[in-house]
S.K.: 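Dropping a structure here in structure tokens format, bear with me for questions.
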Number of protein chains: 2
Amino acid sequence: MKQRILVVDDEPEAVELVEFNLRQAGYAVSTAADGAEALKKARSQTPDLIVLDVMLPEMDGFEICKTLRLDAATANVPIIMLTAKAAEIDRVLGLELGADDYLTKPFSPRELLLRVKKILARSAPQEKAKEQLRFGDLMIDLPRHIATWKNKPIELTATEFKLLTILAQRAGRVQSRDQLLRDVWEYDSVIDTRTVDTHMRRLREKIGAAAKHLDTVRGVGYRFVE
Amino acid sequence: MKQRILVVDDEPEAVELVEFNLRQAGYAVSTAADGAEALKKARSQTPDLIVLDVMLPEMDGFEICKTLRLDAATANVPIIMLTAKAAEIDRVLGLELGADDYLTKPFSPRELLLRVKKILARSAPQEKAKEQLRFGDLMIDLPRHIATWKNKPIELTATEFKLLTILAQRAGRVQSRDQLLRDVWEYDSVIDTRTVDTHMRRLREKIGAAAKHLDTVRGVGYRFVE
DNA sequence: AGGCTTCGTCACCCAATCGTAACGCGTTCG
DNA sequence: CGAACGCGTTACGATTGGGTGACGAAGCCT
């Protein structure tokens with residue numbers, strides 16, 4: 001599966017150049033011309049890397065960078081800043097804001113690729129086999145056994161946590177009650193299927209607003225929607 | 001404790017400039033003027049970072065870099081390469097050889113500091129995690145086999161200490177009783193899982209106020225929280 | 001050998017958690 | 001249009017999981 005890179009720049013030529021080179025190198029590329037579009041795409045696509053120009057109309061690169069860092073969904077996406085000014089203050093700000101690297105324009109495509117490759121190589125191994133699930137403001141951390149909503153922890157019992165996890169891991173696909181009993185309660189369960197309902201209810205109660213992710217499919221079972 | 005940086009360059013002026021700025025920033029600095037000296041000091045002092053000029057008499061920066069990477073004692077020390085040539089090939093080589101970053105001369109002291117700080121910030125927490133753990137007023141010293149609370153020593157038995165250590169090293173992640181039995185008691189243990197409970201109790205008793213770090217996750221296991 | 005520490009196991013107890021039954025409401029279907 | 005059905009909701013008894021105290025065995029030191 002290709003890694004996705006979001007390129008943010010208001011100059012079409014610059015975007016084109018960068019996009020071409022990144023595609024050539026085998027990456028999937030999205031683009032955005034302004035801050036609003038950048039934030040929207042960053043959030044919806046959660047790319048593996050963002051190449052971000054500092055000079056943008058309305059919201060500049062620093063603003064975008066800050067905002068991205070504040071949102072749990074994009075806080076960990078590495079960012080490479082592009083700046084036309086060689087002025088050092090820009091660089092400092094760029095790095096201290098949480099950017100992972102920067103390039104001063106004009107830069108060679110080769111140098112860009114080098115930086116991109118390096119950053120991705122560093123962060124790739126961190127993508128531990130789905131140890132952490134994120135859906136908007138909802139976060140589920142398997143090893144920590146913690147679920148949070150808007151960074152606030154949700155108190156869940158062991159079964160509730162497992163139920164939520166199973167549903168979230170199969171996001172989009174409907175799970176029948178029998179299926180859930182097998183996966184959450186471990187097969188062999190001679191348990192009433194209505195038990196699932198009760199636990200779903202308790203789960204919904206506890207996760208509050210996040211309950212919107214939990215869909216009931218009448219006559220079939222339950223489904224986690226993103 | 002200050003972090004040590006080894007600066008390798010054959011031009012005394014360059015060394016002086018870099019050394020001054022790094023000291024100013026609070027780092028301990030060693031210097032070397034050629035490859036042989038660099039390798040020797042790198043091995044004997046195992047600095048936290050090496051700033052390495054490419055252009056050196058006899059053995060050049062690339063050679064040194066390769067050699068450092070081959071030696072287990074220095075394989076993981078981050079390296080920042082300095083190059084006077086803007087030629088890209090140098091950069092590529094520098095990064096592909098395992099250098100962690102590079103700077104082209106002339107560079108500003110501020111930019112160097114920025115890079116240094118960034119690299120150290122990335123690798124520092126990994127190193128610390130090995131010898132000494134700190135969580136607020138609680139300190140665990142692995143090599144000394146000592147734990148303290150507000151600088152006052154806590155008397156712990158061998159198993160208690162190991163249990164605490166394992167939990168602290170995996171801070172945040174829940175450890176099941178079986179997991180703990182395997183890691184603390186060494187696998188093969190035909191020990192009752194309830195034994196873990198007892199030791200947890202004794203541990204909590206002894207560490208007193210620090211017990212707030214030890215969380216019970218009902219139905220799952222135990223977790224060390226920061 | 002004797003006293004002390006450390007360790008593993010057991011038994012007891014309480015509270016959190018779980019499974020089930022019962023009730024009620026909206027939906028579906030004959 | 002009404003009965004059957006499916007699911008949410010509430011309530012409650014049963015179970016489980018883990019804290020706690022106690023005890024014997026093994027190791028360690030003097």
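Order of the sequence lines sets the chain letters (A, B, ...), proteins ahead of strands, with each chain counted from 1. Please read all numbers here as calculations on a predicted model, not as lab measurements. No hydrogens, no waters, no symmetry mates; every other heavy atom, side chains included, goes into these values.
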S.K.: Quick one: closest heavy-atom pair of A:W149 and A:A209, and the distance?
M.R.: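 In terms of heavy atoms, the two residues are closest at CZ2-CB, 3.5 Å.
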S.K.: So that I can tick it off, tell me whether A:D183 and A:K162 are bridged by a salt bridge, with the cut-off set at under 4.0 angstrom between side-chain N and carboxylate O.
M.R.: no
S.K.: Over how many whole Å does the gap from B:H199 atom NE2 to D:dG19 atom P extend?
M.R.: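 That distance rounds to 14 Å.
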S.K.: On the nucleotide D:dG19, are OP1 or OP2 found under 4.0 Å from the side-chain N or O atoms that B:Y222 carries?
M.R.: yes
S.K.: Can you see which heavy atom on A:L56 is nearest to which on A:A33, and at what distance?
M.R.: CD2-O, 3.9 Å
S.K.: Classify the nucleic acid contact of A:V217 as base, sugar-phosphate or nothing, counting any heavy atom under 4.0 Å across all strands shown.
M.R.: sugar-phosphate
S.K.: Find every protein N or O atom lying less than 3.5 Å from an N or O atom of nucleotides 21-28 of chain D, and list the pairs.
M.R.:
residue, atom, partner, partner atom, Å
D:dG21, N7, B:R201, NH2, 3.2

S.K.: Of all heavy-atom pairs between B:V7 and B:L22, which one has the smallest distance, and what is that distance?
M.R.: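 Where B:V7 meets B:L22 most closely, the heavy atoms are CG2-CD1, 3.9 Å.
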S.K.: Mind checking the CZ-NE2 spacing from B:R201 to B:H199? Nearest 0.5 Å is all I need.
M.R.: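 NE2 of B:H199 is found 10.0 Å from CZ of B:R201.
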S.K.: For A:R177, is there an ion pair with A:D197 - N to carboxylate O distance below 4.0 angstrom?
M.R.: yes
S.K.: Can you list every pair that meets salt bridge (Lys or Arg N to Asp or Glu O under 4.0 Å) and has a residue in residues 214-226 of chain B, with sequence neighbours left out?
M.R.: B:D215-B:R223
S.K.: Whole Å only: how far is the CG atom of A:L181 from the C1' atom of C:dT20?
M.R.: 13 Å
S.K.: Which heavy atom of A:V54 sits nearest to which heavy atom of A:M81, and what is that distance?
M.R.: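 Minimum heavy-atom contact is CG2-CE, 3.8 Å.
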S.K.: Measure CG/A:L180 against P/C:dG19 and give the value in whole Å, please.
M.R.: 13 Å
S.K.: Base, sugar-phosphate alone, or nothing: which one does B:T195 contact when heavy atoms must sit under 4.0 Å apart?
M.R.: base
S.K.: Between the protein and nucleotides 23-30 of chain C, which nitrogen or oxygen pairs come in under 3.5 angstrom?
M.R.:
residue, atom, partner, partner atom, Å
C:dG26, N2, A:R218, NH2, 3.0

S.K.: How close or far is atom C1' of D:dG8 from atom CG of A:D215, stated in whole angstroms?
M.R.: 15 Å
S.K.: Run the ring-ring contact (aromatic ring centres under 6.0 Å, His included) test against A:Y222 and tell me which residues pass, sequence neighbours left out.
M.R.: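 Not a single residue meets the ring-ring contact (aromatic ring centres under 6.0 Å, His included) criterion with A:Y222.
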S.K.: Whole-Å distance between C:dT20 P and A:I191 CD1?
M.R.: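 About 6 Å, once rounded to whole Å.
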S.K.: Give a yes/no answer on whether the side chain of A:W185 brings an N or O atom under 4.0 Å of OP1 or OP2 in C:dG19.
M.R.: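 The answer is yes; a side-chain N or O of A:W185 sits under 4.0 Å from OP1 or OP2.
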S.K.: Take the protein atom CG of B:D197 and the nucleotide atom C1' of D:dG19, then report the distance between them rounded to whole Å.
M.R.: 8 Å
S.K.: Rounded to the nearest Å, what distance is computed from the CG atom of residue A:L214 to the P atom of nucleotide D:dT9?
M.R.: 12 Å
S.K.: How would you list, by chain and number, every residue that makes a ring-ring contact (aromatic ring centres under 6.0 Å, His included) with A:F135, sequence neighbours excluded?
M.R.: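 ring-ring contact (aromatic ring centres under 6.0 Å, His included) list for A:F135, sorted by chain: A:F224.
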S.K.: Could you state the atom-to-atom distance from CZ of B:R177 to P of D:dT16 in whole Å?
M.R.: 15 Å
S.K.: What distance do A:I79 atom CD1 and A:L68 atom CG have between them, rounded to the nearest 0.5 Å?
M.R.: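 Answer rounded to 0.5 Å: 5.0 Å.
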S.K.: Charged N to carboxylate O under 4.0 angstrom, A:E160 versus A:K206?
M.R.: yes
S.K.: Which of residues 152-163 of chain B have a heavy atom under 4.0 Å from DNA chain D?
M.R.: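 Under 4.0 Å from DNA chain D: no residue of residues 152-163 of chain B.
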